[in-house]
K.L.:
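Would you mind keeping the following structure in view while I ask a few things?
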Amino acid sequence: MSFFARFAQNRGALVGLIILLVIIAMAILAPLLFPESPWRMVQRPFLPPLSQDGFPLGTDTMGRNVASGLMHGAWVSLLIGLVSTSVALLIGVPLGAIAGYYGGWIDDLLMRFTEFFQTIPNFALAIVLVAIMQPSISSIVLAIAIVSWPPVARLVRAEFMSLRNREYVEAARLVGQSNTTIILRQILPNTLSPIIVLASLMVATAILLESALSFLGLGDPNVMSWGYMIGAARTVIRQAWWLSFFPGVAILLTVLALNLVGEGLDDALNPKLSRER
Amino acid sequence: MVYARLILMRLFKAVIVLFLIVIFNFLLIQLAPGDPAAILAGQAGAADQEFLNQLRERFGLDQPMYVQLWRYVSGIAMLDFGYSYRLGVPVFDLIMARLPATLLLTGTAFVLSLVLGIVAGSMAAARVKKPSGSLIMALALVFYATPLFWVALMSVVVFSVYLGWLPAYGLYTVGAGHTGFALALDIAKHLVLPATTLALFFMAIYTRMTRTSMLDAAQQDYVKTARAKGLKPSIIQRRHVLRNALLPIITLAGLQAGQMVGGAILTETVFAWPGIGRLMFEALEQRDYNLLLGIFFFSAALVIVFNIITDLVYSLADPRIKKGAA
Amino acid sequence: MKTPLALAISAAALAFATAALADDPKSGGTVNTIIQPEPPGLVLGMVQNAPTRTVAGNIYEGLLRYTTDLEPMPQLAESWDVSEDGRTYTFHLREGVTWHDGEPFTADDVVFSADVFHRELNPSARAVLQHVESIEATDDHTVVFTLTQPFGPFLLSFEAGTFTMVPEHLYAGTDFRDNEHNDHPIGTGPFKFANWERGTVIELVKNDDYYEEGLPYLDGVNWHIIPDGASRAVSFENETIDVLPSGTVENFDIPRLAAMDNVCMTEEGHEYFSPFAMLWMNNREGPTADKRFRQAVMYAMDREFAKDVLWNGLGNVPLSAFGSNARFQNDDLEPYDHNPDRARELLEEMGYDGEEITILPLPYGETWTRWAEAVQQNLREVGINVSTQATDVGGWNQRLGDWDYDLAFTYLFQYGDPALGISRTYLSDNIAKGSPWNNVEGYENERVDELFNEAATAFPDAEREKLYREVQEILHEDVPVGWLMELGFPTLYRCDVQNLVTSGVGVNDGFKDAWLDR
Amino acid sequence: MNEASTETVLSIRDLNIALPKGADRALAVEDVSYDVKRGEIMCVVGESGSGKSMAANAVMGLLPKGVRATQGEILFEGQNLLAMTEKQHRALRGLKIGMIFQEPMTALNPLMRVGAQIAEVFEAHGQFNAKERQTRALELLIEVGIPQPEKAIRAYPFELSGGQRQRVMIAMALALEPILLIADEPTTALDVTTQAQILELIRDLQQRRGMSVMFITHDFGVVAEIASRVCVMRHGKIVELGDAKSVLQNPQDAYTQALIAAIPSNAVPPHRETSQVAPLLEIKQLNKVFRSRGGWLKPAREVRALEDVSLTLARGETVGIVGESGSGKSTLGRCVVRLEHPDSGELLLDGVNLSQLKGDALRRERHRVQMIFQDPYASLNPRTKVGMAIAQGPIANGTPKAAALKQAGELLDMVGLGASAVERFPHEFSGGQRQRIGIARALALNPELIVADEAVSALDVSIQAQVLELLEELKQRLSLSLLFITHDLRVAAQICDRIVVMQYGRIVEQGSAEQIFLAPKEAYTQDLLKAIPGREAPVAATA
């Protein structure tokens, strides 16, 4: 069975993929459909959804177009999710790979380092980091990455530990391949599927984390993200439910979609471990 | 006794980790712009240089950083967490005043999420590929994907404002003068919304984990053995599948329990719960270093304590660990 | 333009006035209100931030109170005389006043508070005290302040928050900041400190021995601490909270809450502070160093929009540096209206090259953030390349203290008199790193310095007015800072809370006269 | 060997079992009919994928999800099991029909004490009270011959050895004295000596209780040891069914004949010339200790895997290392290829000491000794094309990529897969083919010595024979030197010139294959030989 056929067997994953594609399309089409800055105050504030042409989702506290914000926000939320996950992978994968492959005191040292980061409560650390670096896209991305790499390192380490004594790895060692080659060519490709699955969930978590930071007023004020929109709208949740409702639903759907896709990837990449069995 | 010695070893290691965390956090906080003196001065609405100097001298902020670090660390070694710059109260007292509320909230949410999560997860595992099972999983996924603060806000709007069933914020009704049972009931009422909100997310995690873990365990050979004995499916599920499936959940729960203190920041903020998470956020905004470091110390200590408890529980649940199998 | 809301307020105020006349005060009952954020301490004089003033203003008292027109009223001083030359002030203290611990309040307490305690700890009192040559207690109930030279606003300085009376018998000879009584403040006010559950509530109870017969009417005041704005709004809606002091709920909530049954609103009680929102503009470097750029910013901003949308139409868009509540306002100046074309012209004229500048919003809540977004958008639309630098209170303080900013939001109290609240922003000798409250923009103008300094000590008022009018003309042309708005700070309360605001600092000492019509 | 009665306990009639969609064939079992009579041991034999376990699982009602019987009936005491409700079926399980499984390591719940798990059988069928159940459990443990039964009853599974666990499983299966015992490859995972004991136990109990046994195995040796009747299966169909003696001695079906023929040399090694050239490999006083680090609540442990091991291997010679699990034979092999670092001792290859080389120096010498691994599935990187898997050795040692790939094609040709295999991925090949790829990979570097670590253990007998043949052929053609590690003495007998017997990390005995098999000196060697299943039973002569 092809990869996609296996993936598509999980109906939820297919739904997730479709949602995700729609969101990605939103992100890409945003500048075309709403060429004006989402920050522009274009109409009377607090316009309810569907009450006026051109403002299908109404306007916010300052008369900005919610639909425009939502579409531009898709881009930002996805970007933050993807970039912070990539950074977390860049930290976690090499650490985990080295710890898992070499073992011994190197492993000990790196794992203590990882544990150290896991001992400080995650969200609290993220808040402190953003506050210290002052909120901006890059500081948020970095903070999210810093609190989310330890699980990656642990996963990669566990995978490497189980794979490093696989016979094909030993065979590679026997024919004289260098450690670097073995790590990159023999083991890493075989750890990709669990990493991909984990990464898809991490993107989701990162989006949630960004929105939580924004909720506490630690978002980047220069970009229209969904988290920002909820954070800004929460004070008016009573008189204008749609302001936090739509970005809330957008986050919900994105995170949901990413999870569904993650499950589908899990099924498709690890058929033996598939949940259906 | 072996146990006692090993626990001592663990505690010793924990102390080292805690010290490293203290130092790490101390250095981290130094990077933050602004200092407590400037903020206090700023809040005063009028401040001159003399005022600032007075404050800095008083807080020891005029000293070189290594002196400050040394003072702080040696203070911690004597379990002296110093005074809150902003509130002028010993940090230890502040934390102790707030910790019970956090523990009550997170403890309730933890137990709630664990119990409900395991129940829901088991039900979903038993109803795999059936609509009811899928419904449970879909709900779990939705709870997992919904931002926590959003649920919190919505639940306040619905249950407190529109329906008026439950109080919206705080730990108890101030000024009502409840004591004894009435007070407990009052606190319980206040606890419902924040604890449920906090529990939902974690419940979703446990539900998914339990289901996966149960399906996993159900594939094991010993389950086939149990079936070959002619045991009823309900007994197999409970005694063989669930018990084994719980092992990974213990590990996860231990991790979560420690992290919940951090996760409660949002819930505590929305529900005005006078807990340690909120105190941390305030301390951070106010650059109340001593308080912030103290809270970090305690929350890290909690994580470590929970790790040790987890290991103990695990070793009780899994004889292989206790008896030293490979 | 008067918004419907503003009309509603006037109507409510009127209703309140008649209601107050209609009934006789009743004693009893406890009022639940909110304090936001939680104050760092309650010992006024040692801590002077806004929440401390609001709570402790009911525990401590000053020598005087002020009407909403900022005329002095007796408090601990029953009466006062000013010498012909404006240099000697004699206060006659009320007799039979005791501290909350039962000790009598005497002239020695006044001398100790002013000469020792505030000189050491209180920067705002210190600013006034620099004009004071000596303070003497001539008998147990008389205190004489002798000034080095006349100081126009001297009588405006005796409000409880600025010039708190602290008990000498508890503080003399101790390390004030480590004094054991700091946990349990002792004042002379209508309410006594009862309990402070950190993070939850501060409880004040009636001072049964209060010197004014029959006051206070209330049995106590509970100040709830609720960190989340939405939760604060809910608490008012579900009637657990009776009074919402200004700034405790987001502005967007105010119209909704004000429209509820049995809810009244007043903007009074802030006249003494008259908070004035400004945009710091860095006069030292970058495009903002150019006067034309600063004028362009003034023309680019739609301040009426901000007032209507962000502040619910409450407050007032000022002409220039002197707010409407400040004395000696020059209203002949031509207003800086919203005029993007004029702004573009000015930018063109100065040859603005699109250099990027940043805005530092005030980290005090959503309204300020929204405001910064609106101003940013206004500026972008006239072609200014601007982005926002988010920051928390610590970062904001540091950046302003280090002059590391281009544009920054702030608001300052005017304290009734230009010499107390306005000149500090423009005097060149008030340029010093480290404080976000002095001449942060770095404006230096000798003539302005001269005029302000002369005006402060000029006597009588007519002389001062002439000087202040001239200074306003210069400032209006130079635009050292952007003048955004005189903020309207509305207090929301259940209409059955009577007599809530009775002075120009009413939000801080209001519960003295308040009673519950229940 | 058993006089079987004529009463039929279990009767399988025209059984079809369908596999779920997407499986490699539609029916796991097709038109299968056989009986199990009272008091007989019915062996169902077949290679992997023959469907031999399916009918047994259907009898138990333990078919995997998605697999179901579509035709036929299974009559047990006159009732059709396939028509039963799950509840009725459950009432029979454990009570009338007991079952034991292949993997004793995983078949017991790791979290429950042994006694409790046995007691569960009584509980499931509502027999006895809690205390009596424990008593009965103890009696059963005594009956199955567990040492220290009082202690074992309170033990957790991990505290028992594999053989002991299988005894517990048997105790459990027999607790309620079932009429039929189904044993699904119950000895496959065990060492030979343990296997012999368990087989004996089953036979004893069967005879004592007059029970019927349905015994599923892939090993004709085991069949010879134990069966009354045999049913040979292939691709889901019965190819031969009959009395054990006649099937073994006079197989009718070609497949059965081939299977029996493939049993390695019937444990009598052919005479071989021992060469007397200078040794290629000299192992001197090799020692290796494994230390497990103590963990949380876990004391550190030491295992002496190799103790003063010395042996030599001449150029062109095949030396077999035999022993049971834990004997240190694999550690020895891994030390020779330097996947493990010996603690002390010398490993002289052509006079060069390999034992203390490290890092780059070691990497440069590695090509001289290569290895063929046990698991054909784990030994090839699933994401690397076969050609690349073979070529990566030469490439790592400096051969240009194109040349290395060309050579890989030639090697694949040599091992009988054809050069076109270069472009394919491992999952496109069967187990036996993969083992050929593994051999090609080992040859790619022209090594002086090849270590084969259980190289054929994971393969079905017929495939095993082909691979051994290939090895033999290559050895002749390329005059290879081979260190052949195996637990299977029959395989060792077939291919080795000399044999080294190991136990507990030490060499017990070494000598020429002939000498070891025909005149073993040490008691342990004798035990090992005695335990070879079917050794004493007459089996058809090799073709």
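Just so we're on the same page: letters track the sequence lines, and every chain starts at 1. Note that the structure is predicted; figures quoted are calculated from it, not measured. We use all heavy atoms of the structure for the numbers below, so side chains are in, but hydrogens, waters and symmetry mates are not.
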K.L.:
At a 4.5 Å cut-off on heavy atoms, which part of A:Ala131 comes close to chain B: side chain, backbone, both, or neither?
P.N.:
both
K.L.:
With chain A as the partner, which of B:Thr269, B:Ile304, B:Leu20 has the greatest number of non-hydrogen pairs under 4.5 Å?
P.N.:
B:Leu20
K.L.:
Is there a side-chain contact between A:Ile127 and B:Met280, using heavy atoms and a 4.5 Å cut-off?
P.N.:
yes
K.L.:
In the structure I gave you, are the side-chain heavy atoms of A:Phe215 and B:Leu148 within less than 4.5 Å of one another anywhere?
P.N.:
no
K.L.:
CH2 of A:Trp75: more than 12 outside heavy atoms within 6.0 angstrom?
P.N.:
no
K.L.:
Highest number of heavy-atom pairs under 4.5 Å with chain A: which of B:Ile29, B:Leu284, B:Thr146, B:Asn307?
P.N.:
B:Leu284
K.L.:
Counting heavy-atom pairs under 4.5 Å to chain A, which of B:Ala145, B:Ala138, B:Ala300 comes out on top?
P.N.:
B:Ala145
K.L.:
Is the shortest heavy-atom distance from the side chain of B:Ile265 to the side chain of A:Leu216 under 4.5 Å?
P.N.:
yes
K.L.:
Are any of the side-chain heavy atoms of A:Ile132 and B:Gln30 separated by less than 4.5 Å?
P.N.:
no
K.L.:
How are the rings of A:Phe245 and B:Trp150 set to each other: parallel, tilted or perpendicular (split at 30° and 60°)?
P.N.:
tilted
K.L.:
Which atom pair, heavy atoms only, marks the closest approach of B:Leu141 to A:Asn259?
P.N.:
CD1-CB, 3.6 Å
K.L.:
For B:Leu28, is it the side chain, the backbone, both, or neither that has a heavy atom closer than 4.5 Å to a heavy atom of chain A?
P.N.:
both
K.L.:
Start with the C-alpha distance between B:Met137 and A:Glu263, add both sets of side-chain angles, then the distance that settles side-chain contact (heavy atoms from CB on, under 4.5 Å), and finish with yes or no.
P.N.:
CA-CA 12 Å; B:Met137 292 324 287; A:Glu263 278 179 13; 5.9 Å; no
K.L.:
Count the heavy-atom pairs under 4.5 Å between each of A:Leu252, A:Ile230, A:Val255 and chain B, then report the option with the highest count.
P.N.:
A:Leu252
K.L.:
How close do A:Leu208 and B:Tyr144 get, counting heavy atoms only, and between which atoms?
P.N.:
CD1-O, 3.7 Å
K.L.:
Roughly how far, to the nearest 0.5 Å, is the CZ atom of A:Phe116 from the CD1 atom of B:Ile16?
P.N.:
13.0 Å
K.L.:
First locate atom CG of A:Asn122, then atom OG of B:Ser299, and finally report the distance between them rounded to the nearest 0.5 Å.
P.N.:
11.5 Å
K.L.:
Measure A:Ile207 against the heavy atoms of chain B and call it side chain, backbone, both or neither at under 4.5 Å.
P.N.:
neither
K.L.:
Would you mind telling me which of A:Gly227, A:Ala257, A:Gly248, A:Ser211 has the largest number of heavy-atom pairs within less than 4.5 Å of chain B?
P.N.:
A:Ser211
K.L.:
Which atoms of A:Leu218 are under 4.5 Å from chain B, going by heavy atoms: the side chain, the backbone, both sets, or neither?
P.N.:
side chain
K.L.:
Below 4.5 Å, heavy atoms only, C-beta onward: do A:Phe123 and B:Leu266 meet side chain to side chain?
P.N.:
yes
K.L.:
Tell me, side chain or backbone of A:Thr205 under 4.5 Å from chain B's heavy atoms, or both, or neither?
P.N.:
side chain
K.L.:
Measuring heavy-atom distances to chain A, does B:Asn25 have an atom under 4.5 Å in its side chain, in its backbone, in both, or in neither?
P.N.:
side chain
K.L.:
Contact between A:Met133 and B:Leu31 at the side-chain level, heavy atoms closer than 4.5 Å - yes or no?
P.N.:
no
K.L.:
Is the closest basic N to carboxylate O distance between B:Lys13 and A:Glu115 below 4.0 Å?
P.N.:
no
K.L.:
A quick test of your reading: do over 12 heavy atoms of other residues, nucleotides or ligands sit less than 6.0 Å from CZ of A:Arg11?
P.N.:
no
K.L.:
Answer with side chain, backbone, both or neither: which region of B:Phe306 has an atom nearer than 4.5 Å to a non-hydrogen atom of chain A?
P.N.:
neither
